[in-house]
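Taking it in order: structure first as structure tokens, then the write-up.
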Amino acid sequence: MNDEGRQDVLDTSGRRLDQIKLSGITARGYHGVFEHERREGQTFVADVVVHLDTRRAAARDDLAHTLDYGALAEQVATVLAGEPVDLVETVAERIAATVMASSIVQAVDVAVHKPHAPIEVPFGDVVVAIHRDRTKLPAAEPYAPRPTEAPAHPRSVPTSTATLPVTPAPGAPAVTAGVVAWTEAGVPAPGGLSEQGPDTPSTEPPASSTDATVVVGELVTDVLDQAPDGPVDVVLALGANLGPAQETLREAVTELASTPGIEVVDVSPLARTSAVGGPDQPDFLNAVVLASTTLPPRELLRATQAIELAHGRERHEHWGPRTLDIDIVVYGTVLAVTDDLELPHPRTHERAFVLQPWAQVDPDAVLPGLGGGPVGALAATAPDRDGVRWLALDWLTNAIPAVGNDTGAVPAGPAWDRGRTGPDAPDA
């Protein structure tokens with residue numbers, strides 16, 4: 001325990017992490033269950049303790065490797081003064097999620113004070129205090145103001161070092177500084193990807209968005225449309241449960257490999273998995289593709305969506321069945337949140353149908369970002385791990401039991417699968 005009674009937070013090597021503390025951040029908010037609280041508002045106060053490793057920043061005397069506590073204070077104040085909710089608990093979770101959107105943060109303590117709570121007896125304060133870390137993630141998304149909402153403390157366009165920097169969790173490779181989308185309020189912009197879960201109804205790939213920006217002085221650049229300096233390692237998750245699913249996935253792998261700018265490096269075993277959410281539907285077949293690309297992130301997204309469309313992919317039903325699903329799970333070490341693309345995929349850490357095949361093909365893989373860590377360990381604790389029925393090792397060359405209308409033998413696989421041997425491995 002430290003001198004304030006808080007539990008010390010240790011890194012992966014068992015060493016105590018450093019702390020950045022902000023006390024007494026104050027803003028007028030409109031949170032509460034009573035009408036007068038929503039109408040008149042009251043003062044809310046927040047204390048935040050961020051647990052991280054500050055040695056790299058100190059050694060280089062470089063803000064890019066630590067937190068800008070001025071921007072952090074504005075983020076917290078923006079949450080306090082932001083969209084009204086009933087519970088102080090919700091406010092605390094939003095603050096925790098917003099702070100932990102930076103993967104340099106390993107844990108956070110948040111205390112939200114409501115000193116003017118409508119209580120009929122004398123009292124000094126009401127405090128909701130929570131601790132969140134990479135094993136107990138916040139029960140909220142990082143908070144972003146609505147477009148009509150002004151920041152708690154408006155300020156001019158920030159410089160490139162005025163946002164929370166993005167660096168990977170311990171053990172993950174270094175991330176390129178600034179490759180993340182932030183609003184002027186200093187909080188991540190909203191966004192996400194489709195998966196074996198939520199879909200946005202659409203029949204066409206989304207147009208290129210300009211929401212993914214890095215502000216450098218007065219220059220605004222869309223980093224997700226910038227070509228990388230060299231080949232970037234990417235992880236793609238494939239799934240299907242309509243039609244000849246195995247054949248569709250095999251063809252999708254071949255089409256990815258034939259796309260200019262994409263080189264398929266390896267393909268995972270094929271998993272038969274129960275659908276997560278949505279209506280009753282056939283089991284999915286899922287696989288993970290390790291690849292290298294010279295395409296910008298958004299161009300890679302368009303390429304994968306074009307392959308989906310070529311196989312009749314339609315987005316009409318939330319969590320519904322599909323002929324083909326291709327998600328970008330990881331693009332190098334990029335962390336970004338935009339309207340059409342979020343990197344890494346935001347729900348990867350809890351999806352065994354991605355994690356288990358990925359761990360099979362790359363046992364040392366590490367998922368960067370919020371909720372990240374060793375892929376094998378995440379697979380072992382994913383909520384849907386019991387829904388992975390078995391893994392087929394030779395699915396690119398041999399037929400497997402039918403899923404939906406999946407029938408027939410499959411021709412010999414391409415070069416990256418030659419030499420792959422072994423029977424189907426039942427996974428009870």
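Excluded from the calculations below are hydrogen atoms, water molecules and symmetry mates; all remaining heavy atoms, backbone and side chain alike, are included.
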Inset, instruction - Looking only at non-hydrogen atoms, find the nearest pair between Q226 and P296 and report the distance. - result: O-CB, 3.4 Å
Legend entry - Minimum side-chain heavy-atom gap N286-L238 below 4.5 Å: no
Legend entry - Pairs touching residues 95-124 that satisfy ring pair (Phe, Tyr, Trp, His ring centres under 6.0 Å), sequence neighbours left out: none
Inset, instruction - Flag the pair Q360 / V288 as yes when at least one side-chain heavy-atom distance between them is below 4.5 Å, and no otherwise. - result: no
Legend entry - Of L72, V50, I20, the residue whose pairing with V105 passes side chain to side chain contact (heavy atoms under 4.5 Å, CB included): V50
Inset, instruction - Of all the heavy-atom pairs spanning E308 and I326, show the shortest one and how long it is. - result: OE2-N, 2.7 Å
Inset, instruction - Could you pull out all residues at least two apart from R38 that satisfy salt bridge (Lys or Arg N to Asp or Glu O under 4.0 Å)? - result: D86
Legend entry - Approximate separation, where rounding is to 0.5 Å, of S268 OG and L396 CG: 9.0 Å
Inset, instruction - Check whether any side-chain N or O of D68 sits under 3.5 Å from a backbone N or O of A71 as a donor-acceptor pair, and report yes or no. - result: yes
Legend entry - E255 and H311: side chain donor to acceptor below 3.5 Å: yes
Inset, instruction - With side-chain contact (heavy atoms from CB on, under 4.5 Å) as the test, would you mind laying out the steps for T26 and T43 before giving the verdict? - result: CA-CA 7 Å; T26 304; T43 298; 3.4 Å; yes
Legend entry - Donor-acceptor under 3.5 Å (D283 side chain, R272 main chain): no
Inset, instruction - May I ask you to say whether E37 pairs ionically with K114, meaning some side-chain N is under 4.0 Å from a carboxylate O? - result: yes
Legend entry - Straight-line distance of N241 CG to T273 OG1, nearest 0.5 Å: 8.5 Å
Legend entry - Sidechain N-carboxylate O distance under 4.0 Å for R351, D384: no
Legend entry - Main-chain N/O of L242 paired with T323 side-chain donor or acceptor, under 3.5 Å: no
Inset, instruction - Could you tell me which non-hydrogen atom of A359 sits nearest to which non-hydrogen atom of G376, and how far apart they are? - result: CB-CA, 4.0 Å
Inset, instruction - Search all heavy atoms of A111 against all heavy atoms of V127 and return the closest pair with its distance. - result: CB-CG1, 3.9 Å
Inset, instruction - Compare all side-chain heavy atoms of V48 with those of I95 and state whether any distance is below 4.5 angstrom. - result: yes
Inset, instruction - Evaluate side-chain contact (heavy atoms from CB on, under 4.5 Å) for D133 paired with V9, printing each intermediate quantity in order. - result: CA-CA 9 Å; D133 56 33; V9 177; 5.7 Å; no
Legend entry - Greater than 12 external heavy atoms within 6.0 Å of D125's CG: yes
Legend entry - Sub-4.5 Å side-chain heavy-atom contact between P118 and H36: yes
Inset, instruction - For the pair D18 (side chain) and T54 (backbone), establish whether a donor and an acceptor sit closer than 3.5 Å, ignoring hydrogens and angles. - result: yes
Legend entry - Donor-acceptor contact present, side-chain R28 to main-chain F44, <3.5 Å: no
Legend entry - From CZ (R302) to CG (D340), nearest 0.5 Å: 8.5 Å
Inset, instruction - Would you confirm whether E93, through its side chain, and A139, through its main-chain N or O, come within 3.5 Å as a donor-acceptor pair? - result: yes
Legend entry - Minimum heavy-atom distance between A92 and V128, given as atom pair plus value: CB-CG1, 4.4 Å
Inset, instruction - Could you tell me whether the side chain of V289 reaches within less than 4.5 Å of the side chain of V253, counting heavy atoms only? - result: yes
Inset, instruction - Show your reasoning for whether side-chain contact (heavy atoms from CB on, under 4.5 Å) applies to Q356 and V388. - result: CA-CA 8 Å; Q356 287 197 22; V388 179; 3.5 Å; yes
Inset, instruction - Search all heavy atoms of Q246 against all heavy atoms of W395 and return the closest pair with its distance. - result: NE2-O, 2.6 Å
Legend entry - Minimum side-chain heavy-atom gap V330-L343 below 4.5 Å: no
Inset, instruction - For T348, enumerate each residue passing the side chain to side chain contact (heavy atoms under 4.5 Å, CB included) test, keeping only those at least two apart in sequence or located in another chain. - result: V329, H345, V354, L355, W358, L367
Inset, instruction - Evaluate the criterion side-chain hydrogen bond (donor to acceptor under 3.5 Å, both in side chains) for residue pair H51 and D109; output intermediate values, then yes/no. - result: CA-CA 8 Å; H51 303 267; D109 294 296; 2.6 Å; yes
Inset, instruction - State, yes or no, whether a side-chain contact exists between V366 and V375 at a heavy-atom distance under 4.5 Å. - result: no
Legend entry - L295 side chain reached by I262 side chain, heavy atoms, under 4.5 Å: yes
Inset, instruction - Evaluate the criterion salt bridge (charged side-chain N to carboxylate O under 4.0 Å, His left out) for residue pair R385 and E350; output intermediate values, then yes/no. - result: CA-CA 9 Å; R385 61 190 180 277; E350 57 186 18; over 6 Å; no
Inset, instruction - Enter the distance from I328:CD1 to T304:OG1 here, rounded to the nearest 0.5 Å. - result: 5.0 Å
